[in-house]
Structure formats: C-alpha cells, structure tokens
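Only one structure is covered here, and it is reproduced in the block below.
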Protein chains: 2
Amino acid sequence: MTDIRPGSKAVTLKDLAAELGLHASTVSRILHAETDTARGAAAPATAQRIRDLARKVGYSPNPQAKGLRTRRSHLLGVIVPRLSDLVLAVIYEGIEEAADDAHYSTFVMNSRDDPAMQRRKAEIMLTRRVDGLIIGDAHLDGDILIELTERQVPFVLMNRAVPGFPSATCDDTLGGTLAAQHLWDKGHRSVSVIAGEPYASTAVDRTNGFVSRFRHLGGQIPESAIVWSRFDTLGGRSAADTIFSDKNRRPSAIFAVNDFAAIGAMGAANSHGLLVGRDLAIVGFNDTSLAAQLPIALSSVRSPMMDIGRLAVKLLLGVLNGETVQAVKLAPILCVRESSSHEWMSE
Amino acid sequence: MTDIRPGSKAVTLKDLAAELGLHASTVSRILHAETDTARGAAAPATAQRIRDLARKVGYSPNPQAKGLRTRRSHLLGVIVPRLSDLVLAVIYEGIEEAADDAHYSTFVMNSRDDPAMQRRKAEIMLTRRVDGLIIGDAHLDGDILIELTERQVPFVLMNRAVPGFPSATCDDTLGGTLAAQHLWDKGHRSVSVIAGEPYASTAVDRTNGFVSRFRHLGGQIPESAIVWSRFDTLGGRSAADTIFSDKNRRPSAIFAVNDFAAIGAMGAANSHGLLVGRDLAIVGFNDTSLAAQLPIALSSVRSPMMDIGRLAVKLLLGVLNGETVQAVKLAPILCVRESSSHEWMSE
DNA sequence: CTGAAAGCGCTTACAG
DNA sequence: CTGAAAGCGCTTACAG
C-alpha cells in the first residue's frame, strides 16, 4: 500500500536511489523509459530492480517538482456555467473519465454564465498553471476566446460552439430537425419554441434546426412563437406562460431546447388546465435522466453528453500535442415518449 | 492585464528583482509580509516599489515552485458519489466559493459510491499532493476513513456523517422529524418511507427522525413500510411500486428521503391512478430547485446545501490548522407545497 | 535593510 | 551503463 501523506515525507527518487545504491538520475531515467525497456537508460537488470522497488513502495513522482521541471502540470481546467445543470455535470463525468485515462487531473469551476466571472475563473486556472482549458460556457458574442487565443492559451470548447474555434458538441441543428420532423409527422401545425439563451449556440442551433425544418415542411412559425428564455425550470415556466397568454394562437406543441425548460413548461401547462400528452405535446432536449421518469414521461432529443466530455478531452490533448483540431459534432437521437406520442388532429 | 501562458514564460520573482535591481529573496520577503507592512522585511520605500511592480505586471507566484518549497499545495480534494446528483453539485458550489475565498483550489471526483473507486480517487488526489480531503460519499460501514486517519491524511466529511469523524451535514434527524410532524398534523395515520441507501447517514438519520417522531405521536409504522432504495428517480419509482403492491396496506402519505426518489414516487403514483396532493401526500428532502417547479409542486425538507459546502471547507481549514473540529449539523426547514397540503380524513 | 546560499524533488543534457 | 551537475521558481534561515 502506498503511504503518501500530505505535508509529510513521501518516497522520493533519492530515497529509491539510496536504497538501491544508485544515483537519482539513473532511477529517473529508467522510470521514464516505460515504452522501450532499458533502452540505453540502464542495464536490464538494474532497470528491473528499480521498477520492482518503485512498485513495491508505491513511488509516484512529486507532481509539483515534476511540473516545475517539465513546465507541464498535467492539469486541465474546466469552466462550466454551473455544475448544478445536470447536462454539464454529466459531461464533466465524461471529462473526468477521459482525463483520468490520460493521467491528467481536472479542475472545474462555475462561472454562472457571467462574463466577469468567466474571466476570473480562467485567470485562476491559468495562475494554477493548467496545461489547457475546456470551456463549457462560451458566449457567441463574447471576446474572451479571442483574448485567450492571442495569449496562446490552449483551449477547446465543449457543449457550446463558437465559429472559428475547436469544439466538442452535439449536432444541435440536427437535433432541432429531428424534433420538428417528429411533431410534424404527429400532425402538429401550430407549434412554439422555448428557445433558451440567445448567446448560447445550443439554444440558437437547436432553434434554427427546428424552425428551418418545420418551415421546409410547409409549416408556419411566426417570430412571436419563438420565446427566448433561461435554461432552467423557472425559465421554461415563464416562457410557457408567455406562450399561453397569447389568446390568438394556442399551439398544439412546444419544443423546448432543454429538458428543464420543458419541465417548467409542463408545470405551466398543468396550471393552464392542459394535459400534456393529450392537449399539448412537449419535446425537450438532452434526454437527462429525469425525462423518462417524470409522471408524464417527456420526449427528448438525446445528446451524447458523456461522449461530448470525452471528446473534449481528446481534442484538447490534440491541441496540446500541436495538432490542428476542428469543431466536432456528435449526432443526437430522438426519444419519443408519452408527452408527444399522441396523434394530433388539426381542426 | 496579466500574461500567463501555459508552458511559456510567466513573470518570475527573478524577473521582478532584476527589474528593480534587487535580489529575488528580498522581493519574496516583501510579497509575503502582507499584514505588517515592511516589518523588518525591507525599507518602506523598497516595499512599495516591489508591490507596485508586482501589481503592474500581474505577478503571481508559480504554485508548483511554491508548493515544492512550502510543502503546501493549497489544493483540496473533493470526493462525491456523483456530481450529477444535484444535491452534491450545489454543495460543491458552496465548496468552490469558500475555497476560492481562502485562496484554495479544489479537485472534485466522482466515486459512484463504489468503495474501490473511492479508494482509487482518494489515492489520485493524494498523489496530486492535496492538502486535505472533503469526503462526500462516506459509507457507515466502510473502513476507508480509518485508513486515512491512520495515514494522518487531513479530511472532513460532508453531507454524510460517520460517528467519530468531523463532518458538515444537515441535521437529518431533525429533518425527518419535521416531515413526520407535518404529515401527522395533516391527519395521516398510515404512512410509508422511501428510505434511501442504508449505508448513507442521510438516509438512516432522516428515516430514523421520521419514524421516531411518528411513533412518538402515537402512529404505527411497521418495518415493512420502510423501503430502502436508491437515491435517484428510478429508485424512488420502484420503491413506490413496492409500497403500492401491498394490497393490505395503502398508505395515505409517503416520506422520501430525497427529492429525486420523491419524483419517482410521483410517477409511480400516477401510474397507479393516484393523484398526488389528493389521494396521496408526498414529502421529499433537500428542496432541490426542481421541487417547487414540478407540475404538482413537491413538499420538501430544505437542507442548507450551499452552507454545508462552505462549512466543510471551513472545517477542513481548521483541521489543516491543527484545530480539533467536530461534527456540525445545520438546521433544515420544511417547505409545504401542493403535494402534501391537503387535509386527510382518516376513514 | 538587503543579499547570498541552500534546498524542496524532479529531469535532462553531458561526461566518463 | 551510470553519475554528477545544473536548473525549474520559490522560501527561509542566516550573514553582514
């Protein structure tokens, strides 16, 4: 068992060397020659002795010393709007997994989608000497990314894309398209969109994908039927209230770009005496774990959240490796459930 | 504006010293004498020049070098079952805030409540040389905490307590008591409990608090009415299904030790043709942001999640400071909503 | 009041 | 095949 206590003596290279009657530099050389056994680094027998002892005492190099010397911290910084957004929490699980596999550790910080906070958190991470940043709160209208690029900070975007920067996202446009096709096929001709925050590509792309396809099929969506909103339940509820307050237009279906907004819309529908799945169809986005378990199961476009996280790490490691990386979009699939499975008879 | 780029030259102490015609050690001394201005560290004028330049170029000491020298990383490790559990995500926000204020940074890792994974993650954090651990996934029956204590790793528990170790938690027993009193007052005499995982103090204490009070008031709760379950929505649903499948006993109220389990129970009730808030009362725990926004608003015992996070940091800093710290419990309050506000007439 | 040295634990050319 | 030196950027007694 390893015995590494914060602040107290851990086993050092020098300890190993002393134990073996060797010089620390020799031990170091061997412990790095993982791939090519004893490739000029030391005699095979010596190498074996070193490795055996290292394993036995559970040696692990002091990351501070190593980082100081190599100028690589093996630390990745992750910035998200909020971890209490389930979508980001799940993506982060993917990030943690992939980083772990690559022997990197990750910091994660909440920016609350506030530009000043985004800057502050990025600065803290850089001060900590992270090797690179995974940014999950990119704003379409921000200039932080340009600054980071100028400062040559290695980074990739995750979840939200911004044209011109590398990113790992869901194909949100396609997701919106799937939702539109589904609702059209079920007979809906009057639909509204709870569109999310206009500064987020997720909101914009999902909305665009939906609207384009619906119009392409011959449907009408007036601008007034697209309601921008916060991503959370409360945002969804007030957006839905806005939609229902229009007495001249009562949509038979709502597409919400986010499951939580969709849940809020379900609550609003309930308050207005509408039974979801009969009087009103609702489709959400992300297929979070809650969707299928709600009293009225929610249809949702499933985005591969874990994979987005893993991919983000892969892309960032690519950047750190000097490769040129692109924006990559992962395909979503539609999960139809009780909230939108009924056929709608247009009157 | 600071200009710190990973891997590239950042401003060092030596740079500052050269610029000022001083020795690096002098600069270092001043930059540490924050409290007592120039207290024997340097001439007031020199101190001022140093501080001005440091601010101007945005100097921040290299944490690796500093850590190597001082044997303090100013890093805290946080281990949670899963960040996709909203409760932990919110607690983590409190942790991040408090750590930030104290100039600490935090790693957070998911252990999935799996003992092997808990060990692994703790080991990774220790290998990273964190100064201490905040453990949010403690099991009542585990032995990891004993090991850590023997190895003299500084740590505190958060969210879940284990007797004999310092912790920051909600007063879960009190929370259960509040729920029991409320349901009793509303006229319920036949109740069931969705109790959560028996290895978690949250589950055990909330259940005990509830059962004790209910029995104390003169109510009956047979052991068969206490159903242990997972903490998530699916766990709540199957627990509720179990409860409803007992044809000899149809409770008029259910206390779930967790909001997500409560939501699952709502779904199950729905499937069984029971209208929550009329045929069945449900009370959850934590008052997560969803509770108030559900189509049928969920009554819930509100735990001070953010405060628990902040407190955990405070306690751990105390431990690092050599203080003896205790288990601290924060008081919850009951939020009554539609799901349990109806009066129940016992037949 | 300020400088110079030593050393934290590592890695990396460079000798031999 | 192995050792010795230098140095990453800092802090901390210790001189002077």
Side-chain angles (χ1 to χ4, degrees), chain A residues 4-34 36-51 54 57-74 127-129 131, chain B residues 4-34 36-51 54 57-74 127-129 131:
Chain A
I4 299 161
R5 284 165 299 184
S8 75
K9 303 263 84 109
V11 180
T12 70
L13 264 190
K14 223 194 266 182
D15 296 337
L16 293 184
E19 184 83 16
L20 294 163
L22 290 167
H23 195 266
S25 63
T26 306
V27 179
S28 175
R29 234 178 292 122
I30 294 302
L31 260 23
H32 280 263
E34 309 199 53
D36 27 34
T37 313
R39 192 123 127 50
T46 312
Q48 202 47 56
R49 285 173 58 219
I50 293 176
R51 277 197 252 275
V57 303
Y59 171 75
S60 81
N62 181 314
Q64 328 235 32
K66 184 168 188 164
L68 185 57
R69 189 52 236 246
T70 62
R71 302 178 156 287
R72 281 274 189 151
S73 61
H74 266 239
T127 296
R128 273 284 172 193
R129 307 300 199 267
D131 288 339
Chain B
I4 299 162
R5 284 166 298 185
S8 75
K9 302 264 82 106
V11 180
T12 70
L13 264 190
K14 223 194 263 182
D15 296 337
L16 292 184
E19 183 83 14
L20 294 163
L22 290 167
H23 194 266
S25 64
T26 305
V27 179
S28 174
R29 235 179 291 123
I30 294 301
L31 261 23
H32 279 264
E34 308 198 54
D36 27 35
T37 314
R39 192 121 127 51
T46 313
Q48 201 49 55
R49 285 173 58 219
I50 293 174
R51 277 197 252 275
V57 303
Y59 171 75
S60 82
N62 181 315
Q64 329 233 33
K66 185 169 187 161
L68 185 56
R69 190 50 235 246
T70 63
R71 303 179 156 285
R72 282 275 189 151
S73 62
H74 267 240
T127 297
R128 273 285 173 193
R129 305 302 198 265
D131 288 339

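Given the structure is predicted, the values throughout are model-derived calculations rather than measurements. By convention in this document, chain letters (A, B, ...) are assigned in the order of the sequence lines, proteins followed by strands, and residues within each chain are numbered from 1.
- As a whole-Å value, the separation of B:Leu13 CG from C:dC8 P is 19 Å.
- Close to D:dT11, at under 4.0 Å from its OP1 or OP2, lies a side-chain N or O of B:Lys66.
- Checked against ring-ring contact (aromatic ring centres under 6.0 Å, His included), A:His23 has no partners two or more places apart in sequence or in another chain.
- Atom NE2 of A:His74 is separated from atom P of C:dC10 by 15 Å (rounded to the nearest Å).
- For the OP1/OP2 pair of D:dT11 and a distance below 4.0 Å, the side-chain nitrogens and oxygens of B:Thr70 include no atom meeting the criterion.
- The main-chain N or O of A:Arg129 is found under 3.5 Å from a side-chain atom of A:Ser73 such that the two form a donor-acceptor pair.
- Close to C:dG9, at under 4.0 Å from its OP1 or OP2, lies no side-chain N or O of A:Tyr59.
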**OP:** For the pair B:Tyr59 and B:Val27, evaluate side chain to side chain contact (heavy atoms under 4.5 Å, CB included) and give the outcome as yes or no after the intermediate values.
**Re:** CA-CA 11 Å; B:Tyr59 171 75; B:Val27 179; over 6 Å; no
What protein N or O atoms touch nucleotides 3-5 of chain C N or O atoms at under 3.5 angstrom, if any, and at what distances?
from, atom 1, to, atom 2, distance (Å)
C:dG3, OP2, B:His23, N, 3.0
C:dG3, OP2, B:Thr26, OG1, 2.9
C:dG3, N7, B:Arg29, NH2, 2.8
C:dG3, O6, B:Arg29, NH2, 2.9
C:dA4, N7, B:His23, ND1, 3.3
C:dA4, N7, B:Ser25, OG, 3.4
C:dA4, N6, B:Ser25, OG, 3.0

**OP:** Give the C-alpha distance, both sets of side-chain angles, the deciding distance and a yes or no for side chain to side chain contact (heavy atoms under 4.5 Å, CB included) between B:Ile50 and B:Leu16.
**Re:** CA-CA 8 Å; B:Ile50 293 174; B:Leu16 292 184; 5.6 Å; no
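- Going from atom NZ of A:Lys14 over to atom C1' of C:dT11 covers 14 Å, rounded to whole Å.
- When the P atom of D:dG7 is taken as reference, atom CG of B:Asp15 falls 16 Å away, rounded to whole Å.
- The minimum heavy-atom distance linking A:Ala24 with A:Leu13 is given by the pair O-CD1, 4.0 Å.
- Nucleotide D:dA6 holds its C1' atom 8 Å from the CZ atom of A:Arg69, rounded to whole Å.
- Comparing atom distances between the B:Asn62 side chain and each of D:dG9, C:dC8, D:dC8 picks out D:dG9 as nearest.
- Partners of B:Arg49 by side chain to side chain donor-acceptor pair (under 3.5 Å), not counting sequence neighbours: none found.
- Checked against side chain to side chain contact (heavy atoms under 4.5 Å, CB included), B:Arg128 has the following partners two or more places apart in sequence or in another chain: A:Pro63, A:His74, A:Leu75, A:Ser105, B:Phe107.
- Protein atom CG of A:Leu68 is 7 Å distant from nucleotide atom P of D:dG9, rounded to whole Å.
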**OP:** Return one dot-bracket line describing DNA chain D 5' to 3' (Watson-Crick or G-U wobble pairs, both distances under 3.5 Å; ( ) same strand, [ ] crossing, | another strand, . none).
**Re:** |||.||||||||.|||
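- When all heavy atoms of A:Leu68 and B:Ala65 are compared, the pair lying nearest together is CD1-CB, 3.7 Å.
- Of the side-chain N and O atoms in A:Arg71, one or more sit less than 4.0 angstrom from OP1 or OP2 of D:dG9.
- To the nearest angstrom, P of D:dT2 lies 11 Å from CG of A:Leu20.
- Distance A:Ile30 CD1 to D:dT2 P: 8 Å, rounded to the nearest Å.
- Between the side chain of B:Thr70 and the backbone N or O of B:Lys66 there is at least one donor-acceptor pair closer than 3.5 Å.
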